[in-house]
Structure formats: C-alpha cells, structure tokens
Amino acid sequence: MSGRIPTEETMNTSFSSQPGSGQPIQIIDITEDHKFKLNEDNLQQILNHPKVKLKKVSIISVAGAFRKGKSFLLDFFLRYLNRNGREDWLGGEDEPLTGFHWKGGSERDTTGILMWSEPFILRRNDTKEEIAVLLMDTQGAFDSQSTVKDCATVFALSLMISSIHVYNITQNLQEDDLQHLHLFTEYGKIALEDSHETPFQRLTFLIRDWSFPYEYNYGYDGGQALLDKRFQINSKQHQELTELRVNLKKCFNTLNCYLMPHPGLRVCTSPQFDGKLRDIEQDFKIYVKKFVEAQFQPNLTVKQINGREITTLELLEYFRAYCRIFEADELPEPKSMLLATSEANNLAAKAIAKEFYMNAMEQHCGGDRPYMHPQHLQATNVQIREEAVKKFDSVPKMGGESLSQKYLDELKEEMDDLYDTYVKHNDSKNIFAFSRTATSLIAVMVLTYIMSGLLEWFWLGSFSFLFNFVFWACFFLLGAWIYVKYSGEYKEIGEYIDGLADILWRRVYQPIYEQFVQHAIRAMLSYAPIQDGPSGSSGRGDAKKRN
C-alpha cells in the first residue's frame with residue numbers, strides 16, 4: 001500500500017488560473033424511475049472551455065453517505081483554487097463559505113453528479129505543463145429516496161472518472177466501508193489481467209469527526225497508521241476479507257487515509273451557520289487546510305487510463321461509455337465494465353486522431369485559407385491521413401486487435417467523409433469554379449450571337465433561328481441562375497442549371513482547352529534548343545551551320 005504524506009517543503013505547485021465566477025452544474029441526472037442520464041451539453045460546456053480544451057486533466061471527486069459534509073468540503077477546495085493557493089487562502093473569519101450548495105439539517109441536498117462550471121489551470125512543477133483541474137460533487141448514498149443501485153452507480157461513476165477519489169466517512173473506518181469497494185476490486189483484477197496497468201489511481205479515506213486522536217493523530221500520519229491496522233491480514237480472517245484487502249492494494253496506485261477533527265457543535269446544530277470561519281473549531285481549520293493543499297502538492301495527479309494520461313477530449317468519451325453501461329436496471333458485471341472502458345479507450349484514440357486530422361486540414365484548406373490546387377489538396381490529405389492513423393496507433397489500446405481495427409476502420413471512413421467536405425469547401429473558393437455556370441452560358445451566348453450574325457451575312461437567315469433560340473434560352477437560364485444565387489430561393493432550379501453548365505464544361509470546353517494546351521506545349525518544344533554534347537553549345541541553328 002502506498003500512502004503519500006505531503007510536507008511543507010514539497011508544497012510548491014504553481015498556478016496559472018485566475019479567480020473567476022462559476023457555479024455547480026448538473027452533468028448526470030437521476031430520473032424519477034432511477035435511470036441515469038448524462039447531460040452532455042453541460043459536460044461539453046466544461047470540457048470544451050477554451051482554456052482547457054485538449055489539455056490533460058485532473059478530476060477530484062468526493063463521495064460517501066448523505067449529509068456528511070461533502071459539498072461543504074468541496075467549497076474549501078474552491079476557495080483554495082480561486083485564490084491560487086496563497087498562504088491566506090482560507091480567508092477572513094467572517095467570510096461565508098460559498099460555491100457548491102450545502103445546508104445544515106438531516107435531508108438530502110445534492111442529487112446526481114455535479115461539476116464546477118469553471119475549470120482551473122495549474123502547472124506541473126517538473127514540466128510546467130498546464131493541467132485542467134475539475135471538481136466533482138456527488139449525491140449522498142443511503143438516503144430514503146435512493147435505491148442500492150443508485151448509490152452504487154453514483155459511487156462507481158465517481159471512482160472510475162476521477163483521478164483523486166475522496167471517500168468521505170464519519171467517525172471511523174469500518175468493514176462495510178471497505179465492502180462498498182468490492183465491485184471495483186473484481187473489475188480491477190480483470191483489468192490488470194487485460195492491460196497489466198493499475199486501473200485506479202488515488203483513493204483517500206477521509207475520516208470526518210475523528211474522536212480518538214489519543215490513539216491515532218489527526219492528519220495523514222494517524223490516518224496511515226489506522227489504515228495499516230485495518231488492512232492487516234491474519235489467519236483468523238475469512239478468505240473473502242483477505243482477498244478484498246489484497247486486491248484493493250493492487251487496484252490503486254495510491255491508497256491512503258486522513259483523519260479530520262470535528263468542526264464544532266455550532267456547525268452541526270445551528271441553522272444560522274453559513275460557513276464563517278469564526279464558527280468553526282481551530283483544529284478543523286488547521287487540518288482542512290492541510291488536507292486541501294495536499295491534493296495538489298507536491299505534484300498534480302493527472303487522470304490516467306491504461307497507464308496513459310488523458311485529455312479533456314478523451315474524458316468525454318469515458319463519461320459516455322460509463323453512463324451507457326450503468327443505464328441498465330442491474331449493476332453491470334465487471335467484464336461489462338472492462339468492455340466499456342476498452343471501447344471508450346478506442347473511441348478516445350479515434351477522437352484524438354480525428355481532431356488532429358481536422359486541425360491539420362484546417363491549417364491547409366480551412367475557411368481562412370486560399371484556394372488549393374486539387375492535386376496538392378489530395379497529396380496533403382494523404383500525408384495528414386497517414387499521420388492521423390499513426391496518432392491512433394500510438395495510443396495504448398485495450399480490448400485486443402479486433403476491437404482496435406473496428407475503430408480504425410471507422411476513423412478512416414470519417415476522414416473520407418471529412419475530405420469530401422474539404423474538397424467541396426475548397427472548390428467553393430475557386431473563383432472560376434464559382435462562376436463556371438455564368439461563364440459557360442455567356443460563352444454559348446457569344447458563340448451563337450456570332451454564328452447568327454455570320455449566317456445573316458451570307459443570306460442564311462432561316463438557319464440563324466436555331467442559334468437565336470439557343471442564345472435566348474441561355475439568356476433566360478443565366479437570369480434564373482442569378483436570381484437563385486441572389487435570393488436563395490428555388491435551389492433545385494439552380495442546381496439543375498449548374499448541372500447543365502458542368503456537363504457543357506466537361507464535354508466541350510475542357511477537351512478543347514486540353515487540346516489547345518497540348519498543341520501549345522508541342523509548339524514550344526519544337527522551337528526549344530537541342531543540347532548536343534557535354535559542352536551544351538550546339539543547338540538547332542549550329543547544326544544547320546555544320547551541314
């Protein structure tokens with residue numbers, strides 16, 4: 001078991017975020033019939049935020065029984081992040097605690113899963129890379145309105161999505177607290193066999209209202225000692241309890257415990273309590289400060305799947321996959337959970353490659369780029385497509401080769417569709433292509449007008465009627481085409497006229513143009529000087545002189 005106990009000397013995570021306004025928004029709803037629904041619009045609003053899009057992500061979630069102060073705790077996290085972790089981030093004694101909604105009393109307050117709408121940016125100490133930090137609040141378990149399946153699902157989604165999962169417990173760490181993790185140990189065993197990577201990252205047992213500091217001190221030191229005691233294995237234990245402890249250690253990179261003192265009677269008993277520090281016991285303020293700071297220092301815990309750090313773009317795919325698997329009436333089997341993770345892993349790889357392809361193509365032929373020759377566009381597409389496939393292949397996959405090939409084929413099909421769109425968009429930038437219809441019709445009008453005049457000149461006016469008819473037909477077609485383009489009405493007629501002009505261009509003008517170019521090239525080559533010998537001094541004129 002690995003426990004991390006931060007010290008004052010190592011607390012030096014750097015911030016680049018600015019204090020901003022935000023609010024908790026619902027990302028997963030629980031319907032009246034106990035179905036879980038992903039609010040994708042709200043989630044995309046957070047994950048596609050301009051300052052965090054495509055950045056690696058760290059997610060901190062708090063889960064546990066209802067009315068045990070989870071939202072209250074998260075508001076201390078908010079205060080720390082909003083104030084960039086400065087020394088006095090706890091604030092003044094008379095400053096109310098705001099952010100995630102919380103209230104005193106015995107009734108449930110939070111429902112579903114919420115996330116703070118404003119992502120935060122912190123920098124890694126070693127690489128100075130910017131990391132997106134997200135805070136997630138969850139519905140409390142074991143209230144009178146939630147089924148066992150509801151409670152287990154909320155806990156499961158929170159644990160599988162987060163990089164730091166705070167398991168909020170009151171007074172003591174008991175055996176039933178460990179039993180709630182049984183499902184994840186079974187999942188973890190299968191995941192370890194499939195990918196040989198630890199499936200979960202960091203689980204912190206936060207023991208609130210710890211009343212026995214004379215046995216185990218507050219903080220990480222006492223918590224680690226208590227955790228080691230609870231995880232002891234002896235011959236008298238049942239095999240199931242032994243396996244649970246062994247597997248829990250294997251399933252998490254970091255498994256630790258923190259003992260928190262009671263915040264004071266006024267916090268628990270006064271309906272007027274609004275989070276002011278002056279109403280909170282000094283010991284609680286000291287240790288909640290240490291606990292919050294320890295989650296970000298000395299280094300951030302970036303979310304990993306299959307041993308690889310993921311971005312906000314990939315996180316969206318995992319949310320979708322996990323919500324789908326937990327939609328059923330029964331809790332999913334561990335194998336189903338692993339399959340969902342594998343599919344999300346491949347979907348995330350596809351999303352990375354597709355995003356790379358789209359960004360690269362936009363740089364070459366996007367909306368603000370000039371017209372590109374079709375051959376150059378095709379060559380660029382081939383090169384970028386190959387790079388996108390390499391991006392897909394570079395992501396470590398779960399689920400085997402056959403599953404990976406399925407998503408690779410989908411990626412190629414989607415890139416083909418995107419390429420067709422880029423070709424049409426590129427053609428629209430070609431001034432001649434846009435005016436091809438008008439040019440073709442005007443050319444026919446000019447030609448028929450000249451032919452009609454020549455026939456009249458040679459007293460063949462009866463034959464000029466045919467050319468006059470074609471002239472006026474093209475004239476009316478040109479007028480209709482201009483009206484359609486100007487008004488946006490009768491698009492079908494405009495497409496029909498464009499089709500006629502395109503046939504005229506491909507069947508008549510283009511062959512004539514190509515023949516003209518070929519004759520011009522032959523003529524140029526016939527008059528070009530002929531090199532004769534290494535000196536290169538003899539040409540066609542010199543050859544005539546020698547003869």
Side-chain angles (χ1 to χ4, degrees), residues 2 4 6-7 9-20 22 43-61 77-78 80-86 89 115-136 160-166 197-202 204 252-254 292-319 344-345 348-360 362-363 387-388 390-397:
S2 62
R4 183 169 64 80
T7 62
E9 289 76 13
T10 59
M11 292 186 178
N12 57 355
T13 299
S14 59
F15 291 77
S16 64
S17 60
Q18 296 297 324
L43 183 59
Q44 286 186 343
Q45 175 187 332
I46 300 171
L47 300 183
N48 291 333
H49 194 286
K51 71 179 182 181
V52 301
K53 190 175 183 181
L54 300 180
K55 283 184 169 60
K56 292 177 182 177
V57 62
S58 175
I59 310 105
I60 300 172
S61 69
F77 280 86
L78 273 176
Y80 174 83
L81 291 168
N82 274 322
R83 297 175 181 180
N84 291 342
R86 64 177 187 250
W89 65 266
M115 188 176 283
W116 193 250
S117 62
E118 186 78 13
F120 298 92
I121 298 294
L122 273 68
R123 292 184 186 273
R124 279 179 157 166
N125 292 327
D126 46 1
T127 63
K128 303 304 178 185
E129 179 184 11
E130 289 187 342
I131 304 296
V133 177
L134 306 175
L135 298 180
M136 195 159 68
M160 298 188 75
I161 288 295
S162 60
S163 52
I164 300 176
H165 184 80
V166 179
E197 296 286 348
T198 306
F200 304 115
Q201 289 173 264
R202 184 173 164 191
T204 296
F252 291 89
N253 286 329
T254 301
V292 170
E293 291 172 346
Q295 309 314 306
F296 305 100
Q297 302 157 348
N299 286 306
L300 291 169
T301 304
V302 179
K303 178 62 181 174
Q304 294 182 358
I305 299 286
N306 197 27
R308 178 180 168 276
E309 295 176 345
I310 68 169
T311 65
T312 53
L313 175 67
E314 298 167 80
L315 182 62
L316 179 61
E317 298 295 344
Y318 287 101
F319 260 107
N345 171 238
K350 188 180 80 169
I352 292 171
K354 185 177 177 181
E355 186 76 15
F356 169 82
Y357 176 83
M358 293 172 63
N359 289 338
E362 284 291 331
Q363 291 177 9
E387 291 295 324
K390 289 179 182 178
K391 286 275 186 186
F392 178 86
D393 291 336
S394 67
V395 177
K397 305 295 191 311

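These figures come from a predicted structure and were not determined experimentally. Numbers here are sequence positions counted from 1. Worth knowing before you read on, the calculation uses all heavy atoms, side chains too, and leaves out hydrogens, waters and symmetry mates.
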Within the 4.5 Å heavy-atom criterion, are [X] and [Y] side-chain neighbours or not?
X: Ile59; Y: Leu315; answer: yes
X: Asn82; Y: Trp89; answer: no
X: His165; Y: Thr204; answer: no
X: Gln304; Y: Gln201; answer: yes
X: Val52; Y: Val57; answer: no
X: Trp116; Y: Ile46; answer: no

Salt-bridge test for Glu293 and Arg86: reply yes if a basic N is under 4.0 Å from a carboxylate O, no otherwise.
no
Counting distance only, does the side-chain N/O of Asn345 pair as donor-acceptor with the main-chain N or O of Pro396 below 3.5 Å?
yes
So, Arg202 side chain and Ile164 main chain: donor-acceptor pair closer than 3.5 Å or not?
no
With [X], which residues qualify under salt bridge (Lys or Arg N to Asp or Glu O under 4.0 Å), at least two apart?
X: Lys55; result: Glu130
X: Glu317; result: Arg320
X: Glu387; result: Lys390

Applying side-chain contact (heavy atoms from CB on, under 4.5 Å), name anything that partners Thr311, two or more places apart in sequence or on another chain.
Lys56, Leu313, Glu314
Set of residues satisfying side-chain contact (heavy atoms from CB on, under 4.5 Å) with respect to Glu362, sequence neighbours excluded:
Tyr422
Is there a side chain to side chain contact (heavy atoms under 4.5 Å, CB included) between Leu316 and Gln44 once you walk through the steps?
CA-CA 7 Å; Leu316 179 61; Gln44 286 186 343; 3.6 Å; yes
Atom of [X], atom of [Y] and distance for their closest heavy-atom approach:
X: Thr301; Y: Ser163; value: O-OG, 3.0 Å
X: Pro119; Y: Leu134; value: CB-CD2, 3.8 Å
X: Phe296; Y: Val292; value: CD1-O, 3.3 Å

Ignoring hydrogens and angles, write down the donor-acceptor pairs under 3.5 Å from the side chains of residues 348-355, residues two or more places apart or on other chains.
from   : atom 1 : to     : atom 2 : distance (Å)
Lys350 : NZ     : Glu410 : OE1    : 3.1
Lys350 : NZ     : Glu414 : OE2    : 3.0
Lys354 : NZ     : Glu414 : OE1    : 3.1

Quick one: [atom1] on [X] to [atom2] on [Y], what's the gap to the nearest 0.5 Å?
X: Leu81; Y: Ile60; atom1: CG; atom2: CD1; result: 7.0 Å
X: Met160; Y: Tyr318; atom1: CE; atom2: OH; result: 10.5 Å
X: Lys51; Y: Thr312; atom1: NZ; atom2: OG1; result: 12.5 Å

